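Lettering follows sequence order; numbering is per chain, from 1. This structure is a prediction, so every number in the text was calculated from the model and none was measured.
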Amino acid sequence: MAQTKYTELLKEVTDDKEPVEGLNFIRTIIEEHNRTGRFGGKVHTRFPPEPNGWLHIGHACSILMNHKIAMDYDGIFNFRFDDTNPITEEESYVNAMIEDIKWLGVYKEYENGSNNIFFGSGYFDQFYEYAEQLVEKGLAYVDDSSAEEIKEQRGSITELGTESPYRTRTIEENIDLFKRMKKCEFPNGSKVLRAKLDMSHPNLLMRDPIIYRILHTPHHNTGDKWCIYPMYDWAHGLEDSIEGITQSICTLEFEVHRPLYDWFLNQLTDEEGKPIFHPQQIEFAKVNLSHTVLGKRVMIQLVKDKHVNGWDDPRMLTIAGLRRRGVTAEALRKFMETIGVSKRDKIIDQSILDYCIREDLNNRCPRVMSVLKPLKVVITNYSAEKKEELEVQNHPTIKEMGARKIIFSKTLYIEQDDFMENPPEDYYRLSPGEKVRLKNAYIIKCENVIKDEKTGEISELHCSYEPRPADSASDDSKVRGTIHWISAENSIIAEVRLIDRLFLKENPMETEEGKVFADYINPQSLEITEALVESFLKDAKLGSRFQFERLGYFYLEPIDSTENNLVFNRIISLRDSWSKR
RNA sequence: AGCUCCGUAGUCUAGCGGUCAAGGAUACGGGACUCUGAAUCCUGAGACGGGUGUUCAAAUCACCCCGGGGCUACCA
């Protein structure tokens, strides 16, 4: 488990300066920065989403990674809203994202009352001043060209660009025009501020990129104060610089933006004429997962077309969906560390996520018994009046989780799948004439199978039980199978939502002729059913998690559960090496 | 096509010229153990995209080829 040894490894690094194994490429770069003293040994990371959608598991990995890197180096992590486009952004997304990062455990309040949540819009004044500086230096100009004309001027990947006719305006004229842009004297689209770079640069982004555009639109944070708004490339590096970000970690598609990021920062100076703080942008490959979709547009479609019940549907791999399903932030952290980070395009198999979720839940969930598809069992040699309380451990190995009492009586229910009339050789649950152990209770033997006269379906089983304690060491009737059960007296009915992966196809976006991604939706991704659960669960705390023995891990859903209708989400099934055969 | 990034088992990742007939995780096969066909523990099979060169020595360096991604929004 190389990934978990970072802290140890890092200690070694600071002592002797030899390169270390097991560091991902980002940490290797950071080590190099620290070695050369580029940032004075400081590490300050950030995650800068635009508040125009929902955060998903890929974002979660990035957030958690940025956070962990900062923490491992005794550094700082900022969460920053990159809110420079008032047209697409909404306050509701801001609030949803804040909820997500609090749940992830990366929100921090400082002693002076501030916290680690920032807004790009908080720096609008500074952005403007820097832009004026660029104009004064003759490095930016106001362009009256239309959007179409600018597009035309930009050329293409095979054609060089052409210079705008407004490119040669004097500095004085540009300053005047830019100030008037700020004062809202011009309509939308009539003017932009452009950097004066190189219209024949092979990187299209360097062909006089737009810095400011006119948008007479109120902003969720700054209200009506501005009618010019900065473009991403202008704002982003400045935000990082202002906050003192050392490593600005982003996804691969921003790789081509790095030259621009660097160029802007290299042109600007502070009051003393010194270059402003210059973070290092580092790009990594975003996380893709098998059997799901994470693209914003595609997820929107799932919601709009009602394939799922909203953004926080537990089948969605949004942070809200994962949280509602019952997955813990700790499991996501484990997942992030397990998959690592690189620059290769990847589709991570969802079984790796499943594993991380199970591993996390295994040690934190008490066991209970529940029967999803009940089959009635009558114990023929047990008195109808008799009831027995049996004490059972809540966890097979963690004794601290304590014990509880369950009731054994004449009428019981077992899982339909745990009985087969004509079983294959290697089936070791219950079948006619065979014995099976009831978990935490007695061994029973199937004496008789009762069927519905009309339908021929099995309606109940008549079994005898062996009245000695089932855990008796002298038990020579060695039975191979142990199944779960619940007695009528000890059970209540609850709603159970069996959640499965949303798509049957590994990569739903790779569609076959004439199909769309939605055609690959798993029709059984959500199965709602009633189940018998141990009656003490009616007093369980909402939001608690349990392992229903042999079935999976379940989450007492806090939003939809009511006093008379408990709702349990199956977070993840147990690993099952039997049904795969 | 131009620029650019990437290519290690089914999947994810380590590797920084010899200690690599390539390590770990997951998935998969076999077995042990077990009052969860879980967990745990053994164990097996499985990869350097291809070529040429540099070198005593190449997964690691160079070049070429092949394959994949990104870039032509007044989005981020």
Phosphate contact (rA39(B) OP1 or OP2) by R575(A) side-chain N/O below 4.0 Å: yes
Watson-Crick and G-U pairing of RNA chain B written in dot-bracket, each distance under 3.5 angstrom, with | for inter-strand partners: .((((((..((((....[....)))).(((((.......)))))....(((((..]....))))))))))).....
Touch class at under 4.0 angstrom, heavy-atom based, for R429(A) against every strand present: base
By salt bridge (charged side-chain N to carboxylate O under 4.0 Å, His left out) - contacts of E510(A) (at least two apart): none
Selected nucleotide, minimal atom distance to K346(A) side chain, candidates rU36(B), rA25(B), rC12(B): rC12(B)
Upstream residue (5' side of RNA chain B) when P396(A) and N362(A) are each assigned their closest nucleotide: P396(A)
Which residues share a ring-ring contact (aromatic ring centres under 6.0 Å, His included) with F118(A), sequence neighbours left out: none
Contacts of type ring-ring contact (aromatic ring centres under 6.0 Å, His included), residue F264(A), not counting sequence neighbours: W234(A)
Spacing of I26(A) atom CD1 relative to rA14(B) atom P, expressed in whole Å: 10 Å
Can you check nucleotides 4-6 of chain B for protein contacts, nitrogen or oxygen pairs under 3.5 Å, and list what you find?
{"unit_1": "rC5(B)", "atom_1": "O2'", "unit_2": "E255(A)", "atom_2": "OE1", "d": "3.4"}

Nearest-angstrom distance, P atom, rG7(B) to rC48(B): 15 Å
Sugar-phosphate only, base, or nothing, as touched by Y229(A) at under 4.0 Å among non-hydrogen atoms: nothing
Salt bridge (Lys or Arg N to Asp or Glu O under 4.0 Å) pairs, two or more places apart, involving residues 186-197 of chain A: D143(A)-R194(A), D144(A)-K191(A)
Each nucleotide N or O in nucleotides 72-76 of chain B that has a protein N or O under 3.5 Å away: list the pair and distance.
{"unit_1": "rA73(B)", "atom_1": "OP2", "unit_2": "K151(A)", "atom_2": "NZ", "d": "2.4"}
{"unit_1": "rA73(B)", "atom_1": "O5'", "unit_2": "R154(A)", "atom_2": "NH2", "d": "3.4"}
{"unit_1": "rC74(B)", "atom_1": "OP2", "unit_2": "R154(A)", "atom_2": "NH1", "d": "3.2"}
{"unit_1": "rC74(B)", "atom_1": "OP2", "unit_2": "R154(A)", "atom_2": "NH2", "d": "2.9"}
{"unit_1": "rC74(B)", "atom_1": "N4", "unit_2": "S145(A)", "atom_2": "O", "d": "3.1"}
{"unit_1": "rC74(B)", "atom_1": "N4", "unit_2": "A147(A)", "atom_2": "N", "d": "3.2"}
{"unit_1": "rC74(B)", "atom_1": "N4", "unit_2": "G189(A)", "atom_2": "O", "d": "3.0"}
{"unit_1": "rC75(B)", "atom_1": "OP2", "unit_2": "R213(A)", "atom_2": "NE", "d": "3.0"}
{"unit_1": "rC75(B)", "atom_1": "OP2", "unit_2": "R213(A)", "atom_2": "NH2", "d": "2.6"}
{"unit_1": "rC75(B)", "atom_1": "O3'", "unit_2": "R213(A)", "atom_2": "NH2", "d": "3.3"}
{"unit_1": "rC75(B)", "atom_1": "O2'", "unit_2": "N85(A)", "atom_2": "ND2", "d": "3.2"}
{"unit_1": "rA76(B)", "atom_1": "OP1", "unit_2": "T84(A)", "atom_2": "OG1", "d": "2.9"}
{"unit_1": "rA76(B)", "atom_1": "OP1", "unit_2": "R213(A)", "atom_2": "NH1", "d": "3.2"}
{"unit_1": "rA76(B)", "atom_1": "OP1", "unit_2": "R213(A)", "atom_2": "NH2", "d": "3.0"}
{"unit_1": "rA76(B)", "atom_1": "OP2", "unit_2": "Y232(A)", "atom_2": "N", "d": "2.8"}
{"unit_1": "rA76(B)", "atom_1": "O4'", "unit_2": "E50(A)", "atom_2": "OE1", "d": "3.4"}
{"unit_1": "rA76(B)", "atom_1": "O3'", "unit_2": "D82(A)", "atom_2": "OD2", "d": "2.8"}
{"unit_1": "rA76(B)", "atom_1": "N6", "unit_2": "H257(A)", "atom_2": "NE2", "d": "3.1"}

Salt bridge (charged side-chain N to carboxylate O under 4.0 Å, His left out) against K296(A), all qualifying residues, sequence neighbours excluded: none
Aromatic plane relationship, Y212(A) with Y128(A) - under 30° parallel, 30 to 60° tilted, over 60° perpendicular: perpendicular
With C227(A) via disulfide bond (SG atoms under 2.5 Å apart) - residues at least two apart: C184(A)
Residues which pass salt bridge (charged side-chain N to carboxylate O under 4.0 Å, His left out) with R80(A), listed by chain and number, not counting sequence neighbours: E239(A), D240(A), E243(A)
Residue list, salt bridge (charged side-chain N to carboxylate O under 4.0 Å, His left out) with R367(A), at least two apart or on another chain: none
For the student: nearest non-hydrogen atoms of I379(A) and F408(A), plus distance: CG1-CZ, 4.3 Å
Contacts of H484(A) that satisfy ring-ring contact (aromatic ring centres under 6.0 Å, His included) - sequence neighbours left out: none
Value in whole Å for how far the C1' atom of rA38(B) lies from CZ of R364(A): 18 Å
